[in-house]
Engineer: 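This is the structure, below, for whatever I ask next.
Both counts, for ligands and for their atoms, begin at 1 and track the order of listing.
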Amino acid sequence: MNRYFVLILVAILLSACGPRALEPDAAHECERCEDWNKPLDPFRIHGNTWYVGTAGLSSILIETDDGLVLVDGGLPQSAALIDANIRELGFDPLDINAILVSHAHFDHAGGVAALQRLSRANVFTSEAGLQTLSSGRLGEDDPQYIADSDAGSFPAIEKVTAIGDGESVSIGSVNVKAVHTPGHTKGSVTWTWESCALNTCYDVVYADSLTAVSSPGFSFGATGMADRMIESAGVIADLDCDILLSPHPFFFGMHDKLERRDEGNPFVNSFACTFYAETALDWLEQRLEAEGR
Ligand SMILES: [Zn+2]
C-alpha cells in the first residue's frame, strides 16, 4: 500500500476516533458579559459539589458514582471556561450525564447547547421553561422579552426534558430535586441535593434568581409574577438548606467566602436561604413601589 495513502488513512481514523472537543457557539455581547465571564479557578464547595463557573456566573459540578451532573452553563462564551475548569479538577466533561438549568436566560443557559453537544448529556428544566430552552428565544411572557428583538436569545438546546415540581433527576446514587420557584421567569427551577464528606452531610440549595428584572413596560404586579415570586421566596426559605448557591455568585457572597476559606467552610450557613428569600422580598417591595402597584 502506498505510504501516503496509509498516512491519510491513519489521520482520518484518528480524527474520527479521537476525543471529542468542545465546539463553542458565538459569544453573546452584552454590557456586563465581559465582567461576568472573567475566568475563575474551580474549587470544591463541599463533598461531591464543585464550583466550575466563571467569576460572575455560576456553574456547579456534582460528582456521582455514575458520571457527573452540571448545573447551569453560563454564557455561550463561558462553555470553554467551564470545560477547562472541569478538566482542571481531573474530571472528564464527556462524563456529564445530566445538565440542569435554573432558568432560560442567555447568561445561564447560553453555554448549555455546546456543553450538551460535547457530553451528549440530557438537559432538564421545568415544563414552563422547556419552550424557551428548546428554541433559544424568550417567550412574550418573559419579563425580559423585547418585541422584535433577539437581544435575549441564546443557542437553542436540542433535547430538553421537563421535570415536575418535587421530582428528582437521579444519576447514580445522587438525587437532585427540582423545586419550581417561578418569579424571575415563569419556568425558574431551584435544585437541591445532599453532599456528604467525612460523615458530614449537608443539604445544598441552588436557589434560582428571585430578582424582578425586566424590559421596560413589564409589570410584576399586574402580571401576577410578583405573587409567584413571593410564594417562591417562601418555598426557598422553607427548604432544608445548609449551603446556598445561586446563578449569580454575588447572591451567595462567593468572593467574600473564598477569602475566608481558612476559617472552616464559609459556605455552610443554615440561615442563608432565609436571608436570600428575605432580601428578595425587600427588592420586590421596592420594585412594586416603583411600578405604583
Ligand atoms: Zn435571568
Engineer: Is the H105 ring parallel, tilted or perpendicular to the H184 ring (thresholds 30°, 60°)?
Structural biologist: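 H105 and H184: perpendicular rings.
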
Engineer: Sequence neighbours excluded, which residues qualify as ring pair (Phe, Tyr, Trp, His ring centres under 6.0 Å) partners of F220?
Structural biologist: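 Expected list: F218.
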
Engineer: Taking atom CD as the centre, does E194 end up with more than 12 heavy-atom neighbours from other residues, nucleotides or ligands that are less than 6.0 angstrom away?
Structural biologist: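 Yes, the 6.0 Å shell around CD holds more than 12 heavy atoms from other groups.
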
Engineer: List-wise, which protein N, O or S atoms are found short of 2.8 Å from the Zn ion (ligand 1)?
Structural biologist: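 Less than 2.8 Å away from the Zn ion (ligand 1) sit H103 NE2, H105 ND1, H184 NE2.
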
Engineer: Assess the side chains of S102 and H108: does a donor N or O sit below 3.5 Å from an acceptor N or O?
Structural biologist: no

Engineer: Does N37 use its side chain to pair, donor to acceptor, with the backbone of Q77 at less than 3.5 Å?
Structural biologist: yes

Engineer: Hey, what's the ring geometry for W283 with F251, parallel, tilted or perpendicular (30° and 60° as the breaks)?
Structural biologist: tilted

